[in-house]
Peer 1: 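Encoded as structure tokens, here's the structure I'll be asking about.
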Amino acid sequence: MNDDLSYLSIAEASELIRKKKTSPAELTEACLECIGKLDNSLNAFITVTGEQARTAARLATNAKSRGPLHGIPIALKDIFDVAGVRTTAASPILADNVATADSSVTARLHEAGAIVLGKLNLHQFAFGATGRSSHYGPARNPWDLERITGGSSSGSGAAVGARMLPMAIGTQTGGSNMRPAAYCGVDGIKAT
């Protein structure tokens, strides 16, 4: 069943959690397994926060629902701070930069009950259209490893496109979210 869980949409996963047909812990473990199997070839993640995610998922399993993101595994483009986790912006300059507090986006996701699985690769400093310029190597397109993911939210597009998790947070300045979504065959939302 674990292989099937990582392929669920947000709505499907939320419904199963609400009906207690799966738990945030089971869903998180399925996604972490999928990341373990696929990320060596896709390079979507810069940092995986497996133990933190497992702890949060266990707490969410026994907690009152916080809404439609309760227990949903997500990952964030590595420009969003997560307290105690490094934020690199895919640059060697920030390789040892550890956040002391959550960004407002991260805090709101935590408040909504989302489970953060880690930080995603990107075009260095979120400034580029290909996704190839990262100190950690390029994220690869899950449909064809030789093709680009687009940028700058390259890891976000690759992770969701490969169904390693149902949702990722990217950013949109000049196509940074829409290109990776389109190139990797997933939906992207352009914020207003």
Peer 1: Which pairs count as salt bridge (Lys or Arg N to Asp or Glu O under 4.0 Å) when at least one residue sits in residues 138-148, sequence neighbours excluded?
Peer 2: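 Pairs touching residues 138-148 that pass the test: Asp144-Arg147.
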Peer 1: Any side-chain heavy atom of Cys184 within less than 4.5 Å of one from Ser156?
Peer 2: no
Peer 1: Under a 3.5 Å distance rule, please check whether Asn97 uses its side chain to pair with a backbone N or O of Thr88 as donor and acceptor.
Peer 2: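 Pair absent, no side-chain N/O of Asn97 close to backbone of Thr88.
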Peer 1: Of all the heavy-atom pairs spanning Gly71 and Leu27, show the shortest one and how long it is.
Peer 2: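 Nearest pair, atom of Gly71 first, then Leu27: O-CD2, 3.8 Å.
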Peer 1: Filter on salt bridge (Lys or Arg N to Asp or Glu O under 4.0 Å), then keep only pairs touching residues 5-18, sequence neighbours left out; what's left?
Peer 2: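 For residues 5-18: Glu15-Arg18, Glu15-Lys19.
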Peer 1: Residues in side chain to side chain donor-acceptor pair (under 3.5 Å) with Thr61, at least two apart?
Peer 2: none
Peer 1: Is there a continuous path of hydrophobic side-chain contacts, each under 4.5 Å between heavy atoms, that joins Val98 to Ile79?
Peer 2: no
Peer 1: Are side-chain heavy atoms of Asp102 and Val82 found at a separation under 4.5 Å?
Peer 2: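 When only atoms from C-beta onward are counted, Val82 and Asp102 do touch, with a gap below 4.5 Å.
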Peer 1: Please tell me if the side chains of Ser6 and Cys31 come closer than 4.5 Å, counting only heavy atoms from C-beta onward.
Peer 2: yes
Peer 1: Tell me the closest heavy-atom pair linking Asn177 and Pro180, and the distance in Å.
Peer 2: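 Minimum heavy-atom separation between Asn177 and Pro180: O-CD, 3.4 Å.
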Peer 1: So which heavy atom on Ala158 is nearest to which on Pro142, and how close?
Peer 2: O-CG, 3.8 Å
Peer 1: List for me each residue that meets side chain to side chain contact (heavy atoms under 4.5 Å, CB included) alongside Met178, sequence neighbours excluded, and say none if there are none.
Peer 2: Gln172, Lys190
Peer 1: If you round to the nearest 0.5 Å, how far is CD of Gln52 from CD1 of Ile115?
Peer 2: 11.5 Å
Peer 1: Suppose we screen for side chain to side chain donor-acceptor pair (under 3.5 Å). Which residues come up paired with Ser41, at least two apart in sequence or across chains?
Peer 2: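 For Ser41, no residue satisfies side chain to side chain donor-acceptor pair (under 3.5 Å) once neighbours in sequence are set aside.
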Peer 1: Could you grab the distance from atom NE2 of His135 to atom CD1 of Ile46, nearest 0.5 Å is fine?
Peer 2: 9.0 Å
Peer 1: Does Thr22 form a side chain to side chain contact (heavy atoms under 4.5 Å, CB included) with Ile17? I'd like the steps, not just the answer.
Peer 2: CA-CA 5 Å; Thr22 193; Ile17 289 169; 4.1 Å; yes
Peer 1: Taking only residues two or more places apart in sequence or in another chain, which ones pass side chain to side chain contact (heavy atoms under 4.5 Å, CB included) with Leu109?
Peer 2: Leu69, Ile74, Leu76, Val105, Ala114, Met167, Ile169
Peer 1: Would a single hydrophobic cluster contain both Phe127 and Leu122, if residues Ile, Leu, Val, Met, Phe, Trp and Tyr are joined by side-chain heavy-atom contacts under 4.5 Å?
Peer 2: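 No: no chain of side-chain contacts under 4.5 Å links Leu122 to Phe127.
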Peer 1: Please list all pairs meeting salt bridge (Lys or Arg N to Asp or Glu O under 4.0 Å) that have one or both residues in residues 165-179, counting only residues at least two apart or in different chains.
Peer 2: none
Peer 1: Once salt bridge (Lys or Arg N to Asp or Glu O under 4.0 Å) is applied, do any residues pair with Arg54, and if so which ones, sequence neighbours excluded?
Peer 2: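 With sequence neighbours excluded, Arg54 shows a salt bridge (Lys or Arg N to Asp or Glu O under 4.0 Å) to Glu29, Glu51, given in chain and number order.
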Peer 1: What's the spacing between Tyr183 OH and Ile148 CD1 if we round to 0.5 Å?
Peer 2: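 Rounded to the nearest 0.5 Å, the OH-CD1 separation comes to 5.0 Å.
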Peer 1: Closest heavy-atom contact between Ala126 and Ser176?
Peer 2: O-OG, 4.5 Å
Peer 1: Applying the 4.5 Å side-chain criterion to the ILVMFWY set and letting contacts propagate, would Leu165 and Leu8 be lumped into a single cluster?
Peer 2: no
Peer 1: With sequence neighbours excluded, give me every side chain to side chain donor-acceptor pair (under 3.5 Å) pair touching residues 67-77.
Peer 2: Lys77-Ser152, Lys77-Ser153, Lys77-Thr171
Peer 1: Can you get from Val116 to Leu120 by hopping between Ile, Leu, Val, Met, Phe, Trp and Tyr side chains that sit under 4.5 Å apart?
Peer 2: no
Peer 1: Indicate the atoms forming the closest heavy-atom contact of Gly131 with Thr149, along with that distance.
Peer 2: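 That closest heavy-atom pairing would be CA-OG1, 4.3 Å.
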Peer 1: Can you name the nearest heavy-atom pair linking Ala30 to Leu5, along with the distance?
Peer 2: CB-CB, 3.6 Å
Peer 1: Going by the side chain to side chain donor-acceptor pair (under 3.5 Å) test, which pairs reach into residues 103-121, not counting sequence neighbours?
Peer 2: Asp78-Lys119, Thr87-Lys119, Ser103-Thr106, Asn121-Ser134
Peer 1: Between Thr28 (side chain) and Pro24 (backbone), is there a donor-acceptor pair under 3.5 Å?
Peer 2: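 Present.
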Peer 1: Report the residues that fulfil side chain to side chain donor-acceptor pair (under 3.5 Å) with Gln124, sequence neighbours left out, ordered by chain and then residue number.
Peer 2: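 Per chain and number, Gln124 pairs via side chain to side chain donor-acceptor pair (under 3.5 Å) with Ser91.
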Peer 1: Looking at Phe45, is its backbone amide N or carbonyl O close enough to the side chain of Asp39 to form a donor-acceptor pair, meaning the two atoms are under 3.5 Å apart?
Peer 2: yes
Peer 1: With side chains defined as the heavy atoms from C-beta onward, is the minimum distance between Ile10 and Pro68 less than 4.5 Å?
Peer 2: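 No. Closest side-chain heavy atoms not under 4.5 Å.
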Peer 1: Please list all pairs passing the salt bridge (Lys or Arg N to Asp or Glu O under 4.0 Å) test where one or both residues lie in residues 62-74, with sequence neighbours left out.
Peer 2: none
Peer 1: Are Leu117 and Leu42 co-members of a hydrophobic cluster defined by side-chain heavy atoms under 4.5 Å apart?
Peer 2: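 Hydrophobic grouping puts Leu42 with Leu117.
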